[in-house]
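So the structure is just underneath, and the comments pick up after that.
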Amino acid sequence: YEARLTGLAEGGRETAGVIYVDHRSRVEAFTERDLAFFTTFALQAKTAIDSNRSYWRLLDGLFGASSDFVAVCARDGRITRANRGAVELTGLGLPSLHGRQVLELAAAEDRPAAAGLLAEIASKGRAARLDLRVAAADGRLVALSLSGFALRDRSGGVAVFQGGAAPWT
């Protein structure tokens, strides 16, 4: 008995998982009820996988469309992903943002506070509402109200930081 969990991915067909049950030494090893359970499990698992993919596509769309500054940073503070809002507020292109230390974006006098915010996010898992200024590419200082949170790995360490900021006047 074999049940395949498949879903379409960019570029073609993707196999998410396979449940394979084989007990050739005993013809009656699995009852019809056992096989019905395996089939139901496989269908529910595929539904959950498809739902998860839809959820992440939705989040990715919201991330990209937001006019607020949103960035994802590695543990070392290096920006690994930024959105359209970050590009517009800083005047830097995505290639200039990706790989840059997030603290470099803060105005020089606000960097100690920004470093403190990162430390708070790392220790508490989240931090809210730090008002600071970001130095835009054209020399302007853009005032932002920043919040962030940490995504942790399986051992509890910080995997990535995500921060969001909205301009304030």
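For the atom pair CZ of Arg133 and CG of Leu146, the computed distance is 14.0 Å after rounding to the nearest 0.5 Å. Atom-to-atom distance recorded for Leu89:CG and Ser67:OG is 8.0 Å, nearest 0.5 angstrom. With values rounded to the nearest 0.5 angstrom, Leu97 atom CG is found 11.5 Å from Thr80 atom OG1. With rounding to the nearest 0.5 angstrom, the CZ atom of Arg81 is 9.5 Å from the CG atom of Leu94. Here Arg100 contributes atom CZ and Thr90 contributes atom OG1; the two are 8.0 Å apart, rounded to the nearest 0.5 Å. We find the CD1-CG distance between Ile79 and Leu105 to be 4.5 Å, quoted to the nearest 0.5 Å.
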Inset, instruction - Let me see the working for Arg57 and Asp60 under salt bridge (Lys or Arg N to Asp or Glu O under 4.0 Å), right down to the final yes or no. - result: CA-CA 5 Å; Arg57 277 194 300 272; Asp60 192 53; over 6 Å; no

Inset, instruction - Take Val102 and Leu118, measure what side chain to side chain contact (heavy atoms under 4.5 Å, CB included) needs, and give me the verdict at the end. - result: CA-CA 10 Å; Val102 70; Leu118 285 178; 3.9 Å; yes

Return all side-chain donor-acceptor pairs below 3.5 angstrom for residues 119-128, not counting sequence neighbours, or 'none' if the list is empty.
| from | atom 1 | to | atom 2 | distance (Å) |
| --- | --- | --- | --- | --- |
| Ser123 | OG | Ala119 | O | 3.3 |
| Ser123 | OG | Glu120 | O | 3.3 |

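Counting all heavy atoms, side chain and backbone alike, Ala82 lies closest to Ala86 at CB-CB, 4.0 Å. The two atoms that bring Leu103 and Arg111 nearest to each other are O-NE, 3.1 Å, heavy atoms only. Counting all heavy atoms, side chain and backbone alike, Ala114 lies closest to Ala106 at CB-CB, 4.2 Å. Of all the heavy atoms in Ser66 and Asn83, the pair that sits closest is O-ND2, 3.1 Å. The minimum heavy-atom distance between Val87 and Leu92, with the atom names listed, is CG1-O, 3.3 Å.
With sequence neighbours left out, Asp68 forms a side-chain hydrogen bond (donor to acceptor under 3.5 Å, both in side chains) with no residue at all.
Judged by distance alone, with hydrogens and angles left aside, the side-chain atoms of Arg78 form no donor-acceptor pair with the main-chain N or O of Gly99 at under 3.5 Å. At least one donor-acceptor pair under 3.5 Å links the side chain of Thr40 to the backbone N or O of Ala36.
Val72 and Leu151 fall within the same hydrophobic cluster, defined by Ile, Leu, Val, Met, Phe, Trp and Tyr side-chain heavy atoms under 4.5 Å apart, directly or through other members.
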